[in-house]
Amino acid sequence: MLKLTNVVKSFNSTGKPEDKITVLNGLNLTINDGEFVTIIGQNGSGKSTTMNLITGVMFPDSGSIELNGGDITKEKEHARARYFGRVFQDPMMGTVAEMSVLENMEIAIRRGKFHSPIKWGFRKEHKELFIEALKEFDLGLENRLSAKAGTLSGGQRQALTLLMATMPQLPSHKSIRKDYVKFSYGDKQKAMEEVEGAYKLLKDEFIAKKSEIKADNSISKKEKKELIRKAFNEFDTEFRKYDVTKPLLLLDEHTAALDPKTAKRVLTLTNKIVREKGFTTLMVTHNMKDAIAYGDRLIMFAGGEIVLDVKGEEKKNLKIEDLLNQFEKVN
Amino acid sequence: MPDIVNIIVNILTSGLPCCLLALGIFLTYRILDFADLTAEGSFLIGASITAAIIYNGGNPFLATILGCLGGAICGFITGCLNRYLKIPKLLSGIITMTATASLAMLIMGLATKEDSVFASQIPLTISPTSTQQTIYTVFWNWDLTNPIITSIVMLVVVAIVVVGIYFFFGTEYGMAIRTTGLNENMARSQGINTTVASIVGVTISNALIGLGGALYVQQTWTVSTISATGYLVIGLASILIGEAIFGKRSFKNWIISVCLGSITYFVIITLAVKFGFPTELKSLLYAILITIALCLPMIKKGIIELWFKCKSRRNKNA
């Protein structure tokens, strides 16, 4: 759950009080897990600022931003990057043009993780994962992994960014434990005991299994290795149930720079991915038709406030005329 | 024949320290997108620290490593000025470079132990003897300074550095540094601490330049506050020439191109001087060379187009 409470943000380029522009004036917004929210609003209505505040590009003057019960208001952009998958308006921004598709995806799979200065940056098991994911996206890129991202078309780049943003995250056991405590609603001490206890139990089990396999003389060394890996994978998947950070997907007008046909394709793809993988999604768009057609909640921004917030049945029956009327009314 | 060997060795001994310089500048200029003017400063600091230690009979390997470290500190300062004090990249480089001119003088003055530490307006000269050894003479009799040995030692150092750079920038963190330079917004959105990555990148770059200075001074035996002047231009020219002639298809290809570019640069200079270009006008030659290097991609494209035009005309006639 993402929760913005009383968020105020103003810009002042000159320092004089009369030049102060308040973009958000006490914004309150709660987004529940698994919701697909579309956001519309005129330029300058505060929707981009809201996105930037959520991702940490800028910080609010006052108010707080909470994610799953943990306060992330003061966390730096790179520190909170692992909670958010982002696709930008500019297709050039989400990928590194001078790097290959493979390199771009390698960076994305390590989002928010420690970058080791010793370990080689390319992994064989990652490559298989990427090829599979690219096949699923049907971009015709699975055979062009070494192509520079700059040589792809805008639509392909946007789709690649979307894929990178929705890549399965495999946080380390340490960060799972840390996040479990951070994002627990109630007693932090109790949560810590809980997760550490569970971790210790599972780890002991794994170690016992491992020594059992090692002591067994009836199997060959290679088989032993295989069995140990299997046991570790079991332990790993079991512990990953404690991973509370399901990344949010933030789409900032990600089809605005594409031609209508490509935009439609990327949007269909977005919808498919969001529905299949159950991402909590925020999608900013200028296209009212898309805002109505996709998602299960619609929010309209105007003058730094939410003027319309509809969901469920009500949203399904919404028509473009209603939105236009609303726009007129606000101005 | 010995004449040719002599020329080759000459080119190698002056070109290989510049390989390191060019690699350092390449890392900031091309990979980090950081127009770093610290280069000349860290080259001078690397050279003067090494010379100072060797002058006092220190271990030449320790001297080289400390020279390298001196360069690294210069880079670190530039990176911090840019990242934490928000001084523009170009200016933070200039600030560090300005400071190093005085610092180098201080280091040289302290080394010679003159009455005034600033007596070293005159260059600090080391002369390999049994007490003052360089990394080129420890493998050989000090009284027989062999340029071939010198170039072999240099070649080994450069080879180690090239392999090291290639592997480092292929690791997870190296990749993060490259991402920071190429697309900083994306790097931050992927959870890379771009502040640290950028500073680390500039530090590594200037460590290489400091190492270049250390190799340089042990070959020329003399360093003064003006001896590094013009080396930034040489490094840049090496990068441009290397890219234009040897290409930049992949990262591996790119770093090797930069090294070969700096050798090519010295080949051209040596040949020009050999064929009677007055040495006093060297700077003019540098300028002409860089202009040509910058135009090379255009010239290459023009030639290819011309070739295809001729070919299609011939086909038409046939």
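No hydrogens, no waters, no symmetry mates; every other heavy atom, side chains included, goes into these values. The sequence lines fix the lettering, A, B, ..., with proteins before strands; numbering per chain opens at 1.
With a 4.5 angstrom heavy-atom cutoff, A/A79 does not touch chain B via any of its atoms. For chain B, the nearby parts of A/S116 are the backbone and the side chain; heavy atoms of each come within less than 4.5 Å. Only the backbone of A/M92 comes within contact range of chain B, with heavy atoms under 4.5 Å apart. With a 4.5 angstrom heavy-atom cutoff, A/R82 does not touch chain B via any of its atoms. Proximity to chain B (any heavy atom under 4.5 Å) is restricted, for A/T95, to the backbone atoms N, CA, C and O.
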* side chain to side chain contact (heavy atoms under 4.5 Å, CB included) evaluation trace for A/F114 with B/Y173 -> CA-CA 8 Å; A/F114 174 69; B/Y173 199 71; over 6 Å; no

* Start with the C-alpha distance between B/R178 and A/E98, add both sets of side-chain angles, then the distance that settles side chain to side chain contact (heavy atoms under 4.5 Å, CB included), and finish with yes or no. => CA-CA 10 Å; B/R178 271 161 59 206; A/E98 291 87 346; over 6 Å; no

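Considering all non-hydrogen atoms of both residues, A/A81 and B/R188 come closest at CB-O, 3.8 Å. Taking both residues in full, the closest heavy atoms of B/M186 and A/V96 are given as SD-CG2, 3.8 Å, listed atom of the first, atom of the second, then distance.
Side-chain contact between A/H115 and B/M175: absent, with no pair of heavy atoms (C-beta onward) separated by less than 4.5 Å. Looking only at side-chain heavy atoms (C-beta outward), A/H78 and B/T194 stay at 4.5 Å or farther from each other.
Considering A/E106, A/M99, A/E103 as possible partners of B/T179, the one that fulfils the side-chain contact (heavy atoms from CB on, under 4.5 Å) test is A/M99.
Counted within 6.0 Å of NZ on B/K252, heavy atoms from surrounding residues, nucleotides or ligands total 12 or fewer; the atom is thus considered open. Open room surrounds NZ on A/K3; 12 or fewer heavy atoms of other groups in view lie less than 6.0 Å from it. Open room surrounds CD on A/E132; 12 or fewer heavy atoms of other groups in view lie less than 6.0 Å from it.
In this structure, CD in B/E172 is found 11.0 Å from CD1 in A/I107, a value given to the nearest 0.5 Å.
Note on A/R80, A/K76, A/E77: by heavy-atom pairs under 4.5 Å with chain B, the leading option is A/E77. Between chain A and the residues B/F167, B/F169, B/F251, the most heavy-atom pairs under 4.5 angstrom are made by B/F167. Across B/N185, B/N193, B/N183, the residue that shares the most heavy-atom pairs under 4.5 angstrom with chain A is B/N193.
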